[in-house]
Amino acid sequence: MIATDRLMLRRWQIADRDSFAGMNADPRVMAHLPTGLSRPQSDRLMGDCDDHIAAHGFGPWALALRIRPYFVGMGWLHRVDLPSPL
């Protein structure tokens with residue numbers, strides 16, 4: 001986990017699935033990305049993100065508020081010489 005005063009980047013949790021899928025299907029969120037994701041695609045991406053963190057120790061993290069640690073988005077640290085799960 002990486003934390004600031006307000007936020008934390010943490011490993012993905014099963015409880016994040018619904019919120020992450022909602023984010024990936026929201027046209028306002030996805031307006032600058034190639035396409036929205038179906039629920040199976042979103043679940044697969046979440047798994048791929050967590051697998052990347054497990055393998056490399058960093059990657060696309062779940063972003064949560066410290067005051068109430070539920071999912072609010074995603075952010076990542078990425079080495080340019082490794083393939084991205086996105």
Side-chain angles (χ1 to χ4, degrees):
M1 179 183 72
I2 299 169
T4 69
D5 290 341
R6 288 186 331 114
L7 302 171
M8 63 180 157
L9 281 90
R10 62 163 170 74
R11 294 285 300 266
W12 294 86
Q13 301 172 359
I14 295 297
D16 299 333
R17 289 176 67 174
D18 289 342
S19 296
F20 188 55
M23 181 184 84
N24 289 325
D26 187 323
R28 294 169 299 160
V29 174
M30 303 306 286
H32 303 288
L33 296 170
T35 185
L37 300 178
S38 68
R39 178 59 187 254
Q41 290 170 319
S42 179
D43 290 347
R44 188 171 33 255
L45 177 58
M46 188 178 108
D48 291 347
C49 290
D50 200 54
D51 289 348
H52 190 276
I53 294 168
H56 302 289
F58 60 92
W61 298 83
L63 184 61
L65 298 175
R66 286 189 67 163
I67 191 168
R68 286 178 294 228
Y70 56 85
F71 178 84
V72 295
M74 68 183 293
W76 55 87
L77 302 173
H78 180 68
R79 270 183 30 193
V80 296
D81 61 333
L82 288 175
S84 172
L86 301 180

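Note that this is a predicted model, so its numbers are computed, not measured. In this chain, numbering begins with 1 at the start of the sequence shown.
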Original post:
Considering only heavy atoms from C-beta outward, does the side chain of Q41 approach that of N24 to under 4.5 Å?
Top reply: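 Sidechains of N24 and Q41: no contact.
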When the side chains of residues 57-74 are checked against the rest of the protein, which donor-acceptor pairs come out under 3.5 Å, sequence neighbours left out?
| unit_1 | atom_1 | unit_2 | atom_2 | d |
| --- | --- | --- | --- | --- |
| W61 | NE1 | G59 | O | 3.1 |
| R66 | NH1 | T4 | O | 2.9 |

Subject >> Inter-residue atom distance F20.CZ - L45.CG, 0.5 Å rounding >> reply: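 F20 atom CZ to L45 atom CG measures 4.0 Å (nearest 0.5 Å).
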Original post:
Out of curiosity, D26 CG to L37 CG, how far, rounded to the nearest 0.5 Å?
Top reply: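 One gets 12.0 Å once the value is rounded to the nearest 0.5 Å.
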Subject >> Residues D43 and R39 bridged, charged N to O under 4.0 Å >> reply: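 Looking at D43 and R39, the cut-off is met.
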Original post:
Between R10 and D50, does at least one N-O distance fall below 4.0 Å, as a salt bridge requires?
Top reply: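 Looking at D50 together with R10, the answer is no, because their closest N to O distance does not fall below 4.0 Å.
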Original post:
Taking it one step at a time, do T35 and M30 satisfy side chain to side chain contact (heavy atoms under 4.5 Å, CB included)?
Top reply: CA-CA 6 Å; T35 185; M30 303 306 286; over 6 Å; no
**OP:** Give a yes or no on whether I14 and M23 share a hydrophobic cluster (residues Ile, Leu, Val, Met, Phe, Trp, Tyr; joining criterion: side-chain heavy atoms under 4.5 Å apart).
**Re:**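 No, no single cluster joins them.
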